[in-house]
Amino acid sequence: MEKKDLKSQINTKKLPEHIAIIMDGNGRWAKEHGKPRVFGHRNGVTAVRETTEAAAELGVSYLTLYAFSTENWSRPKMEVSALMRLLVDTLVKELDTLNKNNIRLKAIGDLSKLPDRTRKALLDGIENTKDNERMTLVLALNYSGKWDLAQAAQKLGEEVAAGRLAPEDIDQEALAGQLSTKDMPDPELLIRTSGEARISNFLLWQLAYAELYFTPVFWPEFRKAHLYEAIIDYQNRERRFGKISEQLVS
Ligand code: IPE
Ligand code: IPE
Ligand code: MG
């Protein structure tokens, strides 16, 4: 279907407030084109730009992109350093566009382990866009869901040890309040590209009730129309949250 027709099928009053994406398939896409994996990562930037623009145009409030997992450090050294360099280059190049589009940049993950240049480019980008209000673009970098839960538990432990928190006051709200996503709503929609149907240690707690959408499209080929398709699919689902259909008021 035409992109315009797809967009017009979206009910903008029922948009997910937060969309999270596992951008997968760069390597396989490159291989299909007889190119090295890095070629796939470089072409993935176009998909990031398109998806960010489409989400902002629609009125989505938060877009979280899984850019590098804690497990991704196990890849060949050359690929890891190429990814870290690509991140710096992209952040520097796209900063103006983010500002022009009034988009705020944020990051989640253990940033202390990133190479200095990558961390600096990231922190500069965050600082330079902090007053933008149209949409928040969250990059998950050196992120893993288990890391997030462990670091939250550690912070709660420190609060207890300091006498500021009683163990019996540790409830879901207290834990969520220490997660790296503490100021954001949980994603209502998770998209994963490349045909894989797994979470790969992404937002484990936060995805508790997310609708999962898997598409065979490789990330470098993901465009606005693919995002529209995912949102339309999401809007056609019934989110029951444990209730039965008849209890839901639309
Ligand atoms: C996703 O594409 C990008 C990152 C994980 C950084 P992959 O690099 O995982 O591509 P495939 O899954 O090998 O095709
Ligand atoms: C998940 O993709 C991580 C990112 C997209 C950054 P992977 O390609 O690393 O996941 P697995 O290894 O196939 O589960
Ligand atoms: Mg992959």
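Atoms within a ligand are numbered from 1 in the order they appear, just like the ligands themselves.
Within the structure, the closest approach of Ser194 to ligand 1 does not fall below 4.0 Å when heavy atoms are considered.
In terms of polar-atom proximity, defined here as any N/O pair under 3.5 Å, Tyr66 makes no such contact with ligand 2. For a threshold of 3.5 Å applied to N or O pairs, the pair formed by Ser69 and ligand 2 contains no separation below that value. Looking at ligand 1, you'll find an N or O of Gly27 within less than 3.5 Å of one of its N or O atoms. Between Trp29 and ligand 1, not a single N/O pair is under 3.5 Å apart.
Here Tyr213 and Tyr234 keep their ring centres 6.0 angstrom or further from each other.
The aromatic rings of Tyr66 and Tyr143 lie perpendicular to each other, with more than 60° between the two planes, well past the 30° mark.
Nearest non-hydrogen protein atom to atom 2 (O) of ligand 2 is Arg192 NH2, 3.7 Å. Closest to atom 1 (C) of ligand 1 among all protein heavy atoms lies Met23 O, 2.9 Å. Of the protein's heavy atoms, Ser200 OG, 2.6 Å lies nearest to atom 14 (O) of ligand 2.
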Please assess Glu158 against Arg164 for the test salt bridge (Lys or Arg N to Asp or Glu O under 4.0 Å), listing each intermediate value before the final yes or no. CA-CA 9 Å; Glu158 284 164 13; Arg164 288 189 293 264; over 6 Å; no

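Considering each of Arg75, Arg28, Glu196, Arg198, the one bringing a non-hydrogen atom nearest atom 7 (P) of ligand 2 is Arg75.
Atom OD1 is the N/O/S atom of Asp24 found closest to the Mg ion (ligand 3).
The residues Asp124 and Lys120 are annotated as salt-bridged, a charged nitrogen and a carboxylate oxygen being separated by less than 4.0 angstrom.
The closest donor-acceptor contact from the side chain of Thr136 to the backbone of Tyr62 lies at 3.5 Å or more, if one exists at all. Between the Asn236 side chain and the Ile232 main chain, a donor and an acceptor come within less than 3.5 Å of each other.
Within the 4.0 Å heavy-atom criterion, the part of His41 lying near ligand 1 is the side chain and not the backbone. Contact annotation for Ala67 and ligand 1: only backbone heavy atoms (N, CA, C, O) come within less than 4.0 Å of the ligand.
Only one option out of Glu53, Glu50, Glu229 pairs with Lys224 in a salt bridge (Lys or Arg N to Asp or Glu O under 4.0 Å); it is Glu53.
Within ligand 2, counting atoms from 1 as listed, the ones closer than 4.0 Å to a heavy atom of Phe68 are 6 (C). Listed by number with element, the atoms of ligand 2 under 4.0 Å from a non-hydrogen atom of Asp24 are 8 (O). Each of the atoms 5 (C) of ligand 1 lies under 4.0 Å from some heavy atom of Asn72.
Closest heavy-atom contact between Arg37 and Gly27: NH1-CA, 3.6 Å. Nearest approach of Gln9 to Gln235, heavy atoms of both residues: O-OE1, 4.2 Å. Contact detail for Pro187 and Gln206: the closest heavy-atom pair is CD-O, 3.5 Å.
Within the 4.0 angstrom cut-off, atom 12 (O) of ligand 2 has no protein heavy-atom neighbours.
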